[in-house]
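See below for the structure under consideration.
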2 protein chains.
Amino acid sequence: MSDIKDFQFCFEGMAHCGSLGVEWVLRKRSELWLQDVDFVCITDGQWLGNRKPCLSYGARGVCQFRIEVTTEGRDLHSGVHGGAVYEPMADLCWILDHLTDVTGKITIPGIDKLISPPNEKEQELFESLDFDIEEYQKSIGASELTGTSKVQLLTRIWRCPSLSIHGMEGGHSDGSCKRVIPSKAFANLSVHIVPNMTPDRVNNLIVNYLNMFWPKRRSPNSIKIYPQHCVYPWITKYSLPHFEAANRAIRHVYGVDADFTRQSRPIPAALILQHLTGGSVIVMPLNSRDDAPEVVNEKLQLRTYINGIKTIIAYLFELTSV
Amino acid sequence: MSDIKDFQFCFEGMAHCGSLGVEWVLRKRSELWLQDVDFVCITDGQWLGNRKPCLSYGARGVCQFRIEVTTEGRDLHSGVHGGAVYEPMADLCWILDHLTDVTGKITIPGIDKLISPPNEKEQELFESLDFDIEEYQKSIGASELTGTSKVQLLTRIWRCPSLSIHGMEGGHSDGSCKRVIPSKAFANLSVHIVPNMTPDRVNNLIVNYLNMFWPKRRSPNSIKIYPQHCVYPWITKYSLPHFEAANRAIRHVYGVDADFTRQSRPIPAALILQHLTGGSVIVMPLNSRDDAPEVVNEKLQLRTYINGIKTIIAYLFELTSV
């Protein structure tokens with residue numbers, strides 16, 4: 001391993017808050033830390049399944065939003081004023097129902113045009129991956145999925161944007177039976193974005209659409225949309241020698257080739273480090289899907305822990321020949 | 001006042017919890033308390049405006065509901081699974097958007113047929129009432145109302161049912177930017193009902209409609225509707241001698257005839273006491289609208305307080321000649 005001159009470690013990519021501050025710190029110390037970096041390996045993300053390791057060459061980004069519908073007035077008692085006024089909660093349900101179809105596909109015109117066109121070669125890759133759609137469905141407890149084939153489903157979570165409503169506020173949400181007409185109603189939502197979408201373009205498109213579409217409701221209430229936290233999508237080429245070296249490392253440890261996958265969830269550090277180093281970035285997840293990273297009962301199995309150590313050592317060894 | 005033999009006072013009608021227990025207590029003690037009751041006067045509700053007292057001959061009832069949309073599975077991370085699954089929050093917005101139009105009018109087929117047909121005489125009465133629609137609009141801070149004339153608006157809040165969404169739950173409603181796909185989404189709503197609607201008929205109609213309409217969504221998620229607290233609407237004749245006596249009392253104190261109004265909000269005690277005594281029930285509000293009963297900064301003005309005492313004394317005096 002004499003050819004490898006130096007290692008740098010970054011122990012917290014801060015993905016959960018969009019890596020806020022990470023780029024700033026790295027940029028500030030770039031002369032000290034980021035000179036002549038050839039390879040970057042991020043051990044974030046998770047395998048597609050539980051049996052086979054993967055290497056990731058892409059990740060979706062995210063644009064978060066808060067939508068508000070407000071009256072000029074105050075909260076009212078529905079018993080006294082119900083029927084006389086235009087209610088913000090109903091307005092909010094109406095607008096949210098006009099952003100997606102039942103499968104979560106965004107129905108805002110122009111969104112599809114921002115997406116890089118599907119790639120046949122990648123669809124062939126998806127077909128080859130070790131991913132059992134029934135096993136996936138069972139593991140998340142879904143009675144039905146929006147895609148019926150492996151390729152269709154992976155295309156949806158890796159190559160298509162999706163919109164989710166995370167919560168709604170207004171009035172009370174404590175299960176009590178108070179009969180208020182809330183004067184303000186809020187929704188928190190996010191759009192996971194894919195190459196070549198950029199947060200700027202997506203934000204503009206959604207804000208413009210809402211402002212254009214809202215008058216059709218003919219409600220005197222006001223609607224406002226606040227773009228919030230954003231992360232760019234990330235993509236690189238999985239045919240690079242760096243990927244081949246990492247794949248050889250995985251073959252040493254697991255005896256199989258890695259699956260080349262994307263991650264559905266943003267990994268902002270991948271984009272930041274690719275940008276600041278100009279080096280080849282790879283995402284090498286050490287968690288199987290059942291380890292359930294970042295949710296309740298997250299775990300690291302002994303097998304993936306030991307094999308993870310072995311994989312990193314083998315990876316460093318293989319880098320010497322790239 | 002020698003003709004009035006006896007008074008009974010009930011100091012808490014418990015309207016806020018649907019008068020739960022009041023009927024039970026009164027029925028249990030009916031031999032002791034409710035023998036030979038000729039007149040019942042309830043000093044609940046509020047005036048239509050701020051200048052002129054009113055006497056009420058009707059009140060809307062209410063049916064409250066909780067709607068749940070649930071997946072079989074668990075909460076998921078939208079970054080990982082967004083696009084692959086059918087999301088309960090979006091389903092809930094869809095169904096809520098199909099219950100009313102923008103003005104809060106219920107669009108469920110069959111609801112209109114439950115309502116007693118409009119009465120020309122009553123519309124003439126509405127026209128004569130001391131109610132300034134612009135003043136009303138200003139007092140609640142609304143930029144627009146669903147009715148443009150006095151009669152139209154009073155018809156909406158007194159003679160038409162209305163549906164309000166009071167709050168929605170699911171995921172988080174704390175304004176944070178967590179990106180969960182909640183596996184369960186809830187809405188609390190109420191329908192204010194008018195004669196001749198009964199809670200049973202309304203509940204059946206809404207539950208059946210939801211079950212019939214839901215499959216159109218083609219979502220694998222489950223919907224359930226839980227009817228909750230209910231109050232019947234109340235109506236009596238305002239041409240009764242009892243109303244005339246109360247009106248004379250008001251004329252003594254205020255120098256004007258009372259307006260005969262309905263109350264938009266349920267007064268369950270009116271129905272219970274009418275039912276248990278068979279006696280003539282009147283609702284005599286002592287609060288002007290600006291007193292804002294039952295909301296933040298509720299007050300009782302000195303004028304309405306003193307005049308209220310005078311009105312009750314005059315009312316008792318006038319009853320002796322009925």
Side-chain angles (χ1 to χ4, degrees), chain A residues 60 62 64 71-74 76-87 89-90 93-94 96-97 100 102-104 140-146 153 156-157 160 162 164-173 177-181 188 190 192 217-220 228-229 264-266 294-295, chain B residues 60 62 64 71-74 76-87 89-90 93-94 96-97 100 102-104 140-147 153 156-157 160 162 164-173 177-181 190 192 217-220 228-229 264-266 294-295:
Chain A
R60 292 201 291 190
V62 71
Q64 288 189 243
T71 64
E72 292 175 14
R74 52 181 168 83
L76 298 170
H77 191 303
S78 65
V80 183
H81 306 284
V85 294
Y86 293 82
E87 304 194 10
M89 281 304 261
C93 288
W94 178 83
L96 291 175
D97 188 40
T100 59
V102 63
T103 67
I140 61 171
S143 58
E144 201 176 309
L145 297 171
T146 59
L153 200 74
R156 286 202 68 116
I157 60 173
C160 298
S162 64
S164 301
I165 305 165
H166 307 307
M168 290 173 72
E169 300 160 59
H172 56 90
S173 40
C177 66
K178 289 167 212 146
R179 294 200 299 272
V180 71
I181 301 170
N188 295 307
S190 69
H192 279 87
R217 173 70 170 170
R218 298 179 180 279
S219 163
Q228 297 184 311
H229 168 64
S264 324
R265 165 169 41 183
E294 299 183 38
V295 298
Chain B
R60 290 202 291 190
V62 71
Q64 288 189 245
T71 63
E72 292 174 13
R74 52 180 169 85
L76 298 170
H77 191 303
S78 65
V80 184
H81 306 284
V85 293
Y86 293 82
E87 304 193 10
M89 280 305 259
C93 288
W94 178 84
L96 291 174
D97 188 39
T100 59
V102 62
T103 67
I140 61 171
S143 59
E144 201 177 308
L145 297 171
T146 59
L153 200 73
R156 285 201 68 114
I157 61 173
C160 298
S162 64
S164 301
I165 305 165
H166 306 308
M168 288 173 74
E169 300 160 60
H172 57 93
S173 39
C177 66
K178 288 167 214 148
R179 294 200 300 273
V180 70
I181 301 172
S190 68
H192 280 88
R217 174 70 170 168
R218 297 180 181 279
S219 164
Q228 297 183 312
H229 168 65
S264 323
R265 166 170 39 185
E294 301 183 39
V295 298

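Quick note: numbers below take in every heavy atom, side chains included, and nothing from hydrogens, waters or symmetry partners. Throughout, protein chains are lettered first and strands after them, A, B, ... in sequence-line order, and every chain is numbered starting at 1.
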Based on non-hydrogen pairs under 4.5 Å, which of [options] is most in contact with chain B?
options: A/S143, A/C160, A/S190; result: A/S143
options: A/I181, A/V102, A/I157; result: A/V102
options: A/L153, A/T71, A/I140; result: A/I140
options: A/G73, A/G104, A/S78; result: A/S78
options: A/E87, A/R60, A/H192, A/R156; result: A/H192

Taking B/S264 for its side chain and A/H81 for its backbone only, find out whether a donor-acceptor pair lies under 3.5 Å.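 Looks like no, no N/O pair under 3.5 Å.
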
Is the backbone N or O of B/V80 less than 3.5 Å from a side-chain atom of A/R265, with the two atoms forming a donor-acceptor pair by type?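 No; zero donor-acceptor contacts below 3.5 Å.
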
Which of B/S162, B/P220, B/G147, B/A142 touches chain A most, by non-hydrogen pairs under 4.5 Å: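 Sorted descending by pairs with chain A, the first entry is B/P220.
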
Do you know which of B/A90, B/P266, B/G79, B/S219 has the most heavy-atom pairs with chain A at a distance under 4.5 angstrom?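 Result: the option with the highest number of such pairs is B/G79.
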
Taking C-beta and beyond as the side chain, do B/V85 and A/L145 meet within less than 4.5 Å on heavy atoms?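 Heavy-atom side-chain distance check passes, below 4.5 Å.
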
Is any side-chain heavy atom of B/R179 closer than 4.5 Å to one of A/S164?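 Side-chain contact under 4.5 Å: no.
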
Nearest heavy-atom neighbours spanning A/M168 and B/C93: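 Smallest interatomic distance, heavy atoms only, reads SD-SG, 3.8 Å.
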
Report the distance from atom CG of A/N188 to atom CE of B/M89, rounding to the nearest 0.5 Å.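 Nearest 0.5 Å value for the CG-CE distance: 9.0 Å.
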
Let me know if A/R218 has heavy atoms under 4.5 Å from chain B in its side chain, its backbone, both or neither.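 Just its backbone gets close to chain B.
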
